[in-house]
Amino acid sequence: MKPRYSIFSIARNAMNYHKDWERAWRSPNPKAEYDAVIVGAGGHGLATAYYLAKNHGLTNIAVIEKGWLGGGNTGRNTTIIRSNYLQDASIAIYELARSLYEGLSQELNYNMMFSPRGLMMLCQTEHELRAMKRTSHANRLAGLDCRMISPNEVKEIAPIINTDAECRYPILGAYYQPRGGTGRHDAVAWGYARGADAMGVDIIQQCEVTGILRDGGKVVGLQTSKGEIKTKKIGVVTAGHVSTIMDMAGVRMPIESMCLQALVSEPIKPVLDCVVMANTVHGYMSQSDKGELVIGGGTDPYNNYSQRGSFTALEHTVTALVETFPIISRLRMLRQWGGIVDMTGDRSPILSKTDVEGLYVNCGWGTGGFKAIPGSGLVFADTMANDRPHPIAAPFSLNRFKEGRLIDESVAAAVAH
Amino acid sequence: MIIVTCPVCNASGDETDFHYGGQAHVRRPATTDAANITDEEQRDYLFIRHNPKGLHFERWRCDRGCGKWFHAARDTVSLDFKAYYGITELPPAEIIAQAKGPWADYFKERMKAKK
């Protein structure tokens, strides 16, 4: 058992000039065989390992990662947490995740800095207003705490918004989820990693998967840059690189990988205490606790593995936000980066068994995976442990593309795609 | 930013001057009777996509130039275009030879049919 983080542990370590902090997780060499192996140590992979160990008693498992843990999209997103999707299946999984975030810092003894500061989606055309009203009815039927708000309330919550009725895209209202907000993205990966490691899960970094070993219709192991690992269960949770891993097992995916960019400004005094999404003009913004404005937009339209997006996409996002928040027009940008997101045709994720026995896949979160990490990990772990889809994961199976049961969140445009 | 050149009208521009059309050479199940198409074939046609890290074959449209669709071979890591070719054509043989993963065998059958 690891020593707990607390104010007393900080005081105790301060006496020692902070030289004796224990490592948050081990860096073991891979064993020859595991009961299950998760490929990909991002938030979703680590959460899966954590819940496999905690809820299903599977502790002889490993998480293997080509780079470093939390170094992919988990460390590259804009940290927004919300659950106001249109379809029932989406609401179920995203709301499970959002509600788990509420108690996650306590559960993992790691500060996730979950900040339910409220989130609003601006309605800037008559059509968008109606679409959001439809979403709000769907969400309220599902029991979510959400409501439509008027332009006056928008101005009250976020005074820096331009509510000029004469501008190209005037604010006609907004869809507000007061329990939405932001979290500390790195801490989510680190907290789950520390929690899983404490229960005996091996997290093996800088270990690239080079092949998936099959014996007929089932998996028997993995070839990696650190040698062969035997296992009967593999969970592939590699986001933008999911197609390349699944190709190794001969399973073809309905995924295209694209680059999504984000940027942060120089830190300024508090100006915005909620998350604002402007979907018509493609931009969203929140302010971090350090004071930086965290800005995200749409993806580049073409397949891309370079983690380097186009200037066009950035310019588009920034132009939209300057129109919405005139106050930021002379702000300088501090950093900008790209992540490779795995887009499905219906913009909903895939949490599924495959036609290969023992091979499971959790991917397709596209532009909005961070918010779902706890829920995704919980139901995917349950799916892997029991070899049948968890009821919340069931609608997100790979078979939906064959059966035509799409979970269409792209036309619903809950986020700026 | 990537620079695209249209093989039809030779106009060159960045991605805002062109429209991306996704994976090239996706074959629609060849039948006139819908009952002959299995769910798997329909899924493959509509949703399953090659998504290689490296050489990829794509469709693009010359939006602000001649308006024609064309094919391109592009590297998805370096983002460099390797070749442009017509919308009814197969990629140049030397580019096909460099293809890996699911693309490696993809053209063999079609090359045979062509001969």
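Below, chain A is the first sequence line, B the second, and so on; all start at residue 1.
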Closest non-hydrogen contact found for A:K66 with B:K53 is NZ-NZ, 3.6 Å
Please determine whether the number of non-hydrogen atoms from other residues, nucleotides or ligands lying under 6.0 Å from atom CZ of A:R168 exceeds 12.
no
When the 4.5 angstrom heavy-atom criterion is applied to A:N303 and chain B, the contacting part is both
Counting heavy-atom pairs under 4.5 Å with chain B, the top scorer among A:T244, A:I340, A:I255 is A:I255
dist A:R252:CZ -> B:R49:CZ (nearest 0.5 Å) comes out at 9.0 Å
Between B:F47 and A:L406, the two heavy atoms sitting closest are CZ-CD1, 3.6 Å
Whatever's closer than 4.5 Å to a heavy atom in chain A on B:E40 counts as both
The interface call for B:I48 against chain A, heavy-atom contacts under 4.5 Å, is both
Applying a strict 4.5 Å limit to non-hydrogen atoms, the region of A:F401 in contact with chain B is both
Within the supplied structure, the quantity of interest is the number of heavy atoms (other residues, nucleotides, ligands) at a distance under 6.0 Å from B:D80 CG; does it exceed 12? yes
Scored by heavy-atom pairs under 4.5 Å with chain A, the best of B:H19, B:H50, B:E41 is B:H50
Flag yes if more than 12 heavy atoms outside B:D14 fall under 6.0 Å of its CG atom; otherwise flag no.
yes
Between A:D300 and B:Y20: side-chain donor-acceptor atoms closer than 3.5 Å | no
Applying a strict 4.5 Å limit to non-hydrogen atoms, the region of B:E15 in contact with chain A is side chain
Between the OH atom in A:Y302 and the OG1 atom in B:T76, the distance rounded to the nearest 0.5 Å is 11.5 Å
Heavy atoms of other groups near A:K218 NZ, more than 12 under 6.0 Å:
no
So, the part of A:S257 with a heavy atom under 4.5 Å from chain B: the answer is both
Of all heavy-atom pairs linking B:N51 and A:Y305, the shortest is O-OH, 2.6 Å
Looking only at A:G404, A:G309, A:G345, A:P301, the option with the highest number of non-hydrogen pairs under 4.5 Å against chain B is A:P301
Value for CD (A:E256) from NE2 (B:H56), rounded to nearest 0.5 Å, stands at 6.0 Å
Turns out that what part of B:S78 lies under 4.5 Å from chain A's heavy atoms comes down to backbone
- Assess whether atom CD of A:Q336 is packed by more than 12 heavy atoms of other residues, nucleotides or ligands within 6.0 Å. yes
